[in-house]
Amino acid sequence: MIAVIGGTGVLGSTVVRALIALSLPVTLVAPDPSKANRIFADVLPHLTIVRGSVGAPKELRRTLVGVDTVFVNAPGSPDCGQRVIRAAAAAKVAGAGHLVVISNVYADAVSSPYGRRFFRLEAGVKSLDIPTTFLRLPAFFENVLASVASVTEEGAVYSPVPASAPVRGVAVEDVGAAAAAVLAAPEVHEYRTYEILSKVHTGADLVEALGEAVGKPIRYVEIGWEESYERMVAEGTPAWEAADLVEADRLVAEGRVSESNHYEELVGEPPMSVEEWCSQNAYEFQ
């Protein structure tokens with residue numbers, strides 16, 4: 001049995017659906033089962049939903065009894081590392097034999113506060129001495145959807161990263177496929193760390209692909225770090241998250257782009273490119 005913790009957001013729900021597509025037995029652990037039932041109404045016959053929360057560790061431990069493998073998503077919160085470690089500890093006490101944990105491609109960038117957060121997350125999980133597979137992720141292509149208004153109204157994408165800087169993102173769909181491949185055969189992936197990324201592109205490549213997809217020229221406008229932060233906060237992004245995104249962009253601008261990629265090894269086909277993603281999501285920008 002596979003349990004998914006953090007499965008009602010964009011990434012977690014994609015993982016759940018990828019597991020169902022492989023006909024694997026899935027239990028979704030959710031603090032609000034009624035919300036989960038609404039999200040997965042179309043696949044409920046193939047999914048077990050139970051109540052459980054990292055904020056209630058005793059309940060979570062009881063919920064996870066009998067589960068073999070646990071997928072732990074990194075929640076969108078400033079204390080994501082501590083929450084992941086608590087979830088992993090609960091899984092160990094409950095008797096789970098393997099964890100699959102979401103981390104970040106900058107987990108080794110310990111000179112950065114952003115990188116240190118994920119370094120500590122991984123170190124904390126490793127200290128529990130339970131077989132674990134880490135999936136390190138970059139920024140999602142879906143983050144480009146935050147530029148829908150500027151693309152439709154101004155024909156522009158704003159970013160503090162230079163247009164010529166190499167970037168590696170990933171489609172959420174591909175993360176779901178990679179996670180499901182690991183969860184389907186966890187014993188093969190014990191104590192491994194995988195980086196799930198698409199091929200390298202630049203900001204200039206992004207706006208060219210997006211322009212072709214929507215049928216109009218799109219400009220790439222480089223802005224300052226402070227302006228980038230202020231724009232995100234003004235659009236409703238929580239301050240802590242905006243600060244994280246700016247810090248991640250700084251690492252990209254410094255040229256810290258991974259050269260490895262394990263997606264094809266896990267899934268057996270190339271990951272989605274930024275051009276393919278733009279083509280598939282052009283309707284969002286029209």
Side-chain angles (χ1 to χ4, degrees), residues 1-54 60 63-76 80 83-84 87-88 90-92 94-103 125 130-137 140-142 170-198 262-272 280:
M1 175 68 70
I2 299 167
V4 174
I5 299 175
T8 56
V10 174
L11 173 57
S13 61
T14 303
V15 172
V16 169
R17 291 181 181 279
L19 290 168
I20 291 172
L22 294 178
S23 299
L24 294 170
V26 189
T27 295
L28 172 62
V29 181
D32 183 354
S34 61
K35 175 184 175 182
N37 273 280
R38 291 192 299 273
I39 293 171
F40 295 102
D42 58 317
V43 292
L44 283 180
H46 309 287
L47 176 65
T48 300
I49 299 174
V50 297
R51 184 182 301 277
S53 168
V54 175
L60 183 60
T63 297
L64 294 176
V65 170
V67 170
D68 303 308
T69 306
V70 180
F71 173 85
V72 185
N73 195 4
C80 70
R83 292 173 66 83
V84 166
K92 179 179 180 178
H98 190 98
L99 302 177
V100 178
V101 177
I102 293 297
S103 185
V125 173
I130 178 173
T132 301
T133 306
F134 291 102
L135 299 182
R136 290 183 174 180
L137 310 180
F140 298 145
F141 288 155
E142 283 71 13
V170 71
V172 171
E173 175 185 325
D174 284 347
V175 179
V182 172
L183 290 162
E187 68 283 351
V188 177
H189 307 287
E190 290 184 354
Y191 302 106
R192 295 287 302 274
T193 297
Y194 296 118
E195 294 188 346
I196 312 300
L197 309 99
S198 185
H262 301 99
Y263 178 84
E264 192 163 355
E265 172 187 341
L266 293 171
V267 181
E269 61 186 28
M272 186 182 301
Q280 290 185 18

What's the shortest heavy-atom distance between A87 and L60, and which atoms? CA-CD2, 4.1 Å
Ignoring hydrogens and angles, write down the donor-acceptor pairs under 3.5 Å from the side chains of residues 19-29, residues two or more places apart or on other chains.
none

Taking the side chain as C-beta and beyond, is there a heavy-atom pair between T133 and V101 under 4.5 Å? no
Interatomic distance, T69 atom OG1 to H189 atom NE2 [nearest 0.5 angstrom]: 11.0 Å
Return the minimal non-hydrogen interatomic distance between R51 and P31, and the atom names on each side. NH1-O, 3.0 Å
Among all residues two or more places apart in sequence or in another chain, which pass the side chain to side chain contact (heavy atoms under 4.5 Å, CB included) test with V267? A177, A178, Y263, E269
Please determine whether side chain to side chain contact (heavy atoms under 4.5 Å, CB included) holds for the pair F134 and R192, giving the CA-CA distance in whole Å, both sets of side-chain angles, and the decisive distance to 0.1 Å. CA-CA 7 Å; F134 291 102; R192 295 287 302 274; over 6 Å; no
When every non-hydrogen atom of A18 is compared with those of G176, the smallest separation belongs to CB-O, 3.4 Å
Rounded to the nearest 0.5 Å, the CG atom of N73 sits from the CD1 atom of I102 at a distance of 5.5 Å
Is it true that, when you exclude E173 itself, more than 12 heavy atoms of the residues, nucleotides or ligands shown sit nearer than 6.0 Å to its CD? no
Smallest separation among heavy atoms of A91 and V70, with atom names: CB-CG2, 3.9 Å
Hey, mind stepping through L137 and L197 against side chain to side chain contact (heavy atoms under 4.5 Å, CB included) and telling me if it holds? CA-CA 7 Å; L137 310 180; L197 309 99; over 6 Å; no
Does the side chain of V50 reach to within under 4.5 Å of the side chain of T48, using non-hydrogen atoms? yes
Can you tell me if H262 uses its side chain to pair, donor with acceptor, with the backbone of I196 under 3.5 Å? no
Residue pair R136 / T193: nearest heavy atoms and the distance that separates them: NE-CG2, 3.5 Å
Look up atom CZ in R17 and atom CG in L47, then write down how far apart they are to the nearest 0.5 Å. 9.0 Å
Below 4.5 Å, heavy atoms only, C-beta onward: do L64 and I5 meet side chain to side chain? yes
For residues F141 and V170, determine if any side-chain heavy atom of one lies less than 4.5 Å from a side-chain heavy atom of the other. no
Report the distance from atom OH of Y191 to atom CD1 of I130, rounding to the nearest 0.5 Å. 8.0 Å
Just verifying a value: how many Å separate S103 OG and L135 CG, rounded to the nearest 0.5 Å? 9.0 Å
Any chance you could lay out the side chain to side chain contact (heavy atoms under 4.5 Å, CB included) test for V100 and I2, step after step, and finish with the verdict? CA-CA 10 Å; V100 178; I2 299 167; over 6 Å; no
Whether the side chain of D174 engages the backbone of M272 through a donor-acceptor N/O pair (distance < 3.5 Å, no angle test) should be reported. yes
In terms of heavy-atom contacts, V15 and A179 come closest through CG2-CB, 4.0 Å
Please find out if less than 6.0 Å separates the ring center of F40 from that of H46. no
From E142 atom CD to L11 atom CG, the distance as rounded to the nearest 0.5 Å: 9.5 Å
Go through the side-chain N and O atoms of T132 and H98 and say whether any donor and acceptor fall under 3.5 Å apart. no
